[in-house]
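Remarks on the structure that follows.
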Amino acid sequence: MTPFALEPPLSQPLIESNVSLKPFNTFGVDVQAAGLAHLASLDELRAVLADPAWQGVPRLVLGGGSNMLFTRDFPGLVLRVELQGRTKVDEDAQAVYARGMAGESWHDFVQWTIAQGWAGLENLSLIPGTVGASPIQNIGAYGVEIKDCFHSLDAIELATGQLRQFLLADCAFAYRDSVFKGALAGRYLVVSVTFRLPKQPCWHTGYGEIQQELATRQVTELSARAIADAVIAIRRRKLPDPAEIGNAGSFFKNPVVEASLAAALRERFPALPAYPQPDGRSKLAAGWLIDQCGWKGRSLGAAGVYEKQALVLVNCGGASGADIWRLAEAIRASVYERFGVELEPEPVRC
Ligand code: EPU
């Protein structure tokens, strides 16, 4: 599959100076960036990478800002990816290949694939953020991760402006992780992502809540639409809408621990949800651990723990990134003290 060709720079991007990032992160944290470039085309991206006024300053790639916690002002240039477009790029006997430009809303892209009659991404409905951000932490929900349908992505190396295609094996996808959070962190800007959507769908309804929701809705014939609708209903019930309450979804990853520690904990706490992993270790429900420490619905200043899901930290109004981080640290300390388990934050702190 051919990647995008880069055109010579023609148009100049809009670059704002000394701008608040509050509208650009779903926590609604108010920090200042020295510069903010709105990138609606590859052309504008090339122009900004070549702009002498912004050489030598730190750069930060920002999609929907739904997995980011700003704890201080950013002294450099924020590259806000606003590239739009989605298209079928190929088809073979087994699958269609659908490409989304990086600035597309993830949820809108998923709903578009479903409207085309394609399946594979339905369990990932209503996840906030953009198509371009989806591979960075290999977004996942209800038994599916994007790696399951990922074909390739095109990305620009910020240092050189070179376009590079990454295939599945290049991305080192793991639970809420990829090479773009690890060895290549901060080096690439994702331009587009291409998904391989199988013509013979394989439904993932094993997650208990999906089964219950489908039964309540009396769904007898599975379809991508029916599963997406069930997922949307569950998420609306359990997770706060960032447009109403600032949040970044799950604040912590579910910790994966050695089987021996999981067994010892289950002995002491038989209700602890623990899911065996292919490597023999166990994934524990961080939400349960936090809930057991009494944090659900509590707050420290303007930063709080969502009352319906202890894994989600919220901005109760006017919280700074430092307030949210302080709460996260207090939660980590109490979970460690009670269970001996280290929690790792999911959002990137900046
Ligand atoms: N639980 C509690 N109390 C809580 C929260 C959860 O006891 O306050 C228990 C639940 O009863 C359940 C278990 O913990 O037995 C797991 O909870 P849930 O099924 O709600 O899933 P989760 O582990 O909290 C993960 C993902 C979500 C994803 C859901 C569904 C992570 C870090 N989070 O949440 O992803 O939507 O599973 O697949 O893996 C996100 O990453 O932002 C996100 C929302």
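In each ligand, atom 1 is the first atom listed, and ligand 1 is the first ligand listed. Computation of the quantities below employed the complete heavy-atom set of this structure, encompassing side-chain atoms and omitting hydrogens, waters and symmetry-equivalent molecules. In this chain, numbering begins with 1 at the start of the sequence shown.
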Is it the case that over 12 heavy atoms from other parts of the model lie below 6.0 angstrom from the NZ atom of Lys22?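 At most 12 heavy atoms, drawn from other residues, nucleotides or ligands, come within 6.0 Å of this atom.
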Should we say atom CD of Gln200 is surrounded by more than 12 heavy atoms from elsewhere, each under 6.0 Å from it? no
Return yes or no for this condition: an N or O of Tyr142 is under 3.5 Å from an N or O of ligand 1. yes
Do any nitrogen or oxygen atoms of Ala310 lie less than 3.5 angstrom from nitrogen or oxygen atoms of ligand 1?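 So ligand 1 has an N or O lying under 3.5 Å from an N or O of Ala310.
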Taking 4.0 angstrom as the limit and counting only heavy atoms of [X], give me the atoms of ligand 1 inside it, by number and element.
X: Arg235; value: 36 (O), 44 (C)
X: Gly249; value: 42 (O)
X: Phe252; value: 32 (C)

Taken in chain and number order and not counting sequence neighbours, the residues that satisfy side-chain hydrogen bond (donor to acceptor under 3.5 Å, both in side chains) with Glu329 are Trp325
Side chains of [X] and [Y] only: does a donor on one sit below 3.5 Å from an acceptor on the other?
X: Ser20; Y: Asp30; value: yes
X: Gln277; Y: Ser282; value: no
X: Asn138; Y: Glu145; value: yes
X: Glu44; Y: His38; value: no

Among protein heavy atoms, which lies nearest [atom], and at what distance?
atom: atom 13 (C) of ligand 1; value: Ala285 CB, 3.5 Å
atom: atom 5 (C) of ligand 1; value: Gln309 OE1, 2.8 Å
atom: atom 34 (O) of ligand 1; value: Leu311 CD2, 4.0 Å
atom: atom 25 (C) of ligand 1; value: Asn254 ND2, 4.0 Å
atom: atom 39 (O) of ligand 1; value: Tyr175 OH, 2.7 Å
atom: atom 43 (C) of ligand 1; value: Ser250 OG, 3.0 Å
atom: atom 35 (O) of ligand 1; value: Arg176 NH2, 2.9 Å
atom: atom 7 (O) of ligand 1; value: Trp288 CD1, 3.3 Å

Any chance the rings of [X] and [Y] have centres within less than 6.0 Å?
X: Trp288; Y: Tyr275; value: no
X: Phe269; Y: Phe339; value: yes
X: His151; Y: Tyr97; value: yes

For Ala141, which part has a heavy atom under 4.0 Å from ligand 1: side chain, backbone, both, or neither?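 Looking at Ala141 and ligand 1, atoms from backbone and side chain both fall under 4.0 Å.
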Location of contacts on Tyr275 toward ligand 1, heavy atoms closer than 4.0 Å: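 Near ligand 1, Tyr275 shows its side chain, while the N, CA, C and O stay back.
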As a test of the contact definition, would atom 10 (C) of ligand 1 count as having a protein heavy-atom neighbour under 4.0 Å?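 No, there is none.
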State whether any protein heavy atom lies less than 4.0 Å from atom 19 (O) of ligand 1.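 Under the 4.0 Å cut-off, atom 19 (O) of ligand 1 does have protein heavy-atom neighbours.
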Looking at residues at least two apart in the chain, or sitting in another chain, which of them share a side chain to side chain contact (heavy atoms under 4.5 Å, CB included) with Ala322?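 Expected list: Ser320, Arg326.
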Looking at ligand 1, is there an atom of it that comes within less than 4.0 Å of some heavy atom belonging to Gln292? no
Any Tyr306 heavy atom less than 4.0 Å from ligand 1: no
For the residue pair Phe109 and Phe195, does the interplanar ring angle fall in the parallel (under 30°), tilted (30 to 60°) or perpendicular (over 60°) class? tilted
